[in-house]
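Report on the following structure.
Each chain gets a letter, A, B and so on, in the order the sequences are listed, and its residues count up from 1.
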Number of protein chains: 2
Amino acid sequence: MESERRIDPVNCSVARALSVVGERWSLLIVREALDGARRFGELRARLGIAGNLLSTRLSTLVAAGVMRRVPYQDPGDRHRYEYELTEQGMDLRITLMALLEWGDKYLADPQGPSVVVRHRAAEGDATCEERVRVVLECSAGHTHVPPQSVHRTPGPGARFLEASPRPGDTAQA
Amino acid sequence: MESERRIDPVNCSVARALSVVGERWSLLIVREALDGARRFGELRARLGIAGNLLSTRLSTLVAAGVMRRVPYQDPGDRHRYEYELTEQGMDLRITLMALLEWGDKYLADPQGPSVVVRHRAAEGDATCEERVRVVLECSAGHTHVPPQSVHRTPGPGARFLEASPRPGDTAQA
DNA sequence: CCTCCTGAGTTGCGTTTTTCTACTCAGCCA
DNA sequence: TGGCTGAGTAGAAAAACGCAACTCAGGAGG
């Protein structure tokens, strides 16, 4: 049975990531922030989210280090706060793009995707405006690794489940 | 001048994708399914999820086309059902890997990530076992597009917000 | 035949989250 | 002084969650 060691699925970065951004609205707030929304009222208007929920979510995201609260003051107006993404928050862009691609592929509007992500890079006198996609690449340089040809291996922080639960074993702790 | 047109954030594939897999547990169920869990009891034991929730989630995922219910029968046991991912479900692998990488980067166990995803491909007599990462690539062939150098453009199914409800917007800027 | 056992759910019920609506609060402006 | 606006807070209703107990179908054992 020892050969059956399985990585503990609870001690997993996916689970931890979802505990931070897996709540309703969280990823949508990050998406709008990536698109330039910074102020409470703007986020609320764009998403149609209730004020108290937005308030709670923003606090959670700030506490988690995904966003940061920065003071600002419009001329002739009082001092207020707005919210901006941290590096950690901007790094969610790839996750959001993966979700976008998946949604485009399976759930898009009949007319096609509503958003297309494009590359913006200088190329001599023109700029590259080609479509950007999320792909898998291995560090040996293999690009376009098909998702079927990857597998999970234990990392340095792995914990294992001793008693391998036969299908049918009810959880016991 | 309509230069201020903004893509309607509600008509977005991210929002639609989250309406399918954004509920609590959904992505974790998909993750376990990708790792080989197929049976109700096994999913329940691995995740520690309550039976009624797992039941509800599986129904939702099946209805959405992410998973499929297939009959099976162990020798000397009665006929039962198990759950397997559809193509649509397996395509969530990239999303999950993006989430995993993000979690590894910012929320990992102090000892390091618990899971490392590796390439499994034949390479002459050996196999490639290098680490796999999620990267952005544009269709002009630029690989390693930094997340900062992408931008959103309207696609064929885009809808726009006419009266921009931006709180700070006065007359046309 | 009758009873026990097991995996796969379903049902009931109390707790937690989410949502909606209305209200407050701080400062600018008139 | 009182109105206006962006940024929240408060409270009640609705939905989702989680536990435990229960049902259900069939095989095994007697």
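- Between A:Leu58 atom CG and D:dT9 atom P the separation is 10 Å, expressed in whole Å.
- Counting only heavy atoms from C-beta outward, the side chains of B:Arg80 and B:Asp77 approach each other to under 4.5 Å.
- Listed candidates were D:dT9, D:dC19, C:dT6. Nearest to the side chain of B:Arg80 is C:dT6.
- Between B:Ser55 and C:dG9 there is no side-chain N or O to OP1 or OP2 distance below 4.0 Å.
- Contact check on B:Glu32 versus B:Arg46 returns a salt bridge, with a Lys/Arg side-chain nitrogen under 4.0 Å from an Asp/Glu carboxylate oxygen.
- Between B:Tyr83 and C:dG9 there is a side-chain N or O to OP1 or OP2 distance below 4.0 Å.
- Within 3.5 Å, a donor on the side chain of B:Arg78 pairs with an acceptor on the base of C:dG7, or the reverse.
- When rounded to the nearest whole Å, the span between CZ of B:Arg39 and C1' of C:dA8 equals 12 Å.
- We find that B:Glu42 and B:Arg38 are not joined by a salt bridge, their nearest charged nitrogen and carboxylate oxygen being 4.0 Å or further apart.
- Put simply, CD on A:Gln73 is 10 Å from C1' on C:dG27, counting in whole angstrom units.
- If you check every strand for non-hydrogen atoms under 4.0 Å, A:Arg44 touches a base.
- To the nearest 0.5 Å, atoms OG1 (A:Thr60) and CE (A:Met67) are separated by 12.0 Å.
- Summarising the geometry, the separation between OH on B:Tyr81 and P on C:dT10 is reported as 12 Å, rounded to the nearest angstrom.
- Exactly one residue among B:Val135, B:Thr95, B:Val134 makes a side chain to side chain contact (heavy atoms under 4.5 Å, CB included) with A:Val134. That residue is B:Val134.
- Residue whose closest nucleotide on DNA chain C sits further toward the 5' end, between A:Arg24 and A:His79: A:Arg24.
- Along DNA chain C, the nucleotide closest to B:Phe40 and the one closest to A:Ile49 are compared, and the more 5′ of them pairs with B:Phe40.
- Between the CG atom of B:Leu53 and the C1' atom of C:dG9 there is a distance of 13 Å, given to the nearest Å.
- Summarising the geometry, the separation between CH2 on B:Trp25 and P on D:dC19 is reported as 8 Å, rounded to the nearest angstrom.
- Summarising the geometry, the separation between CZ on B:Arg57 and C1' on D:dA15 is reported as 12 Å, rounded to the nearest angstrom.
- Rounded to whole Å, atom P of D:dA12 lies 14 Å from atom CG of A:Asn52.
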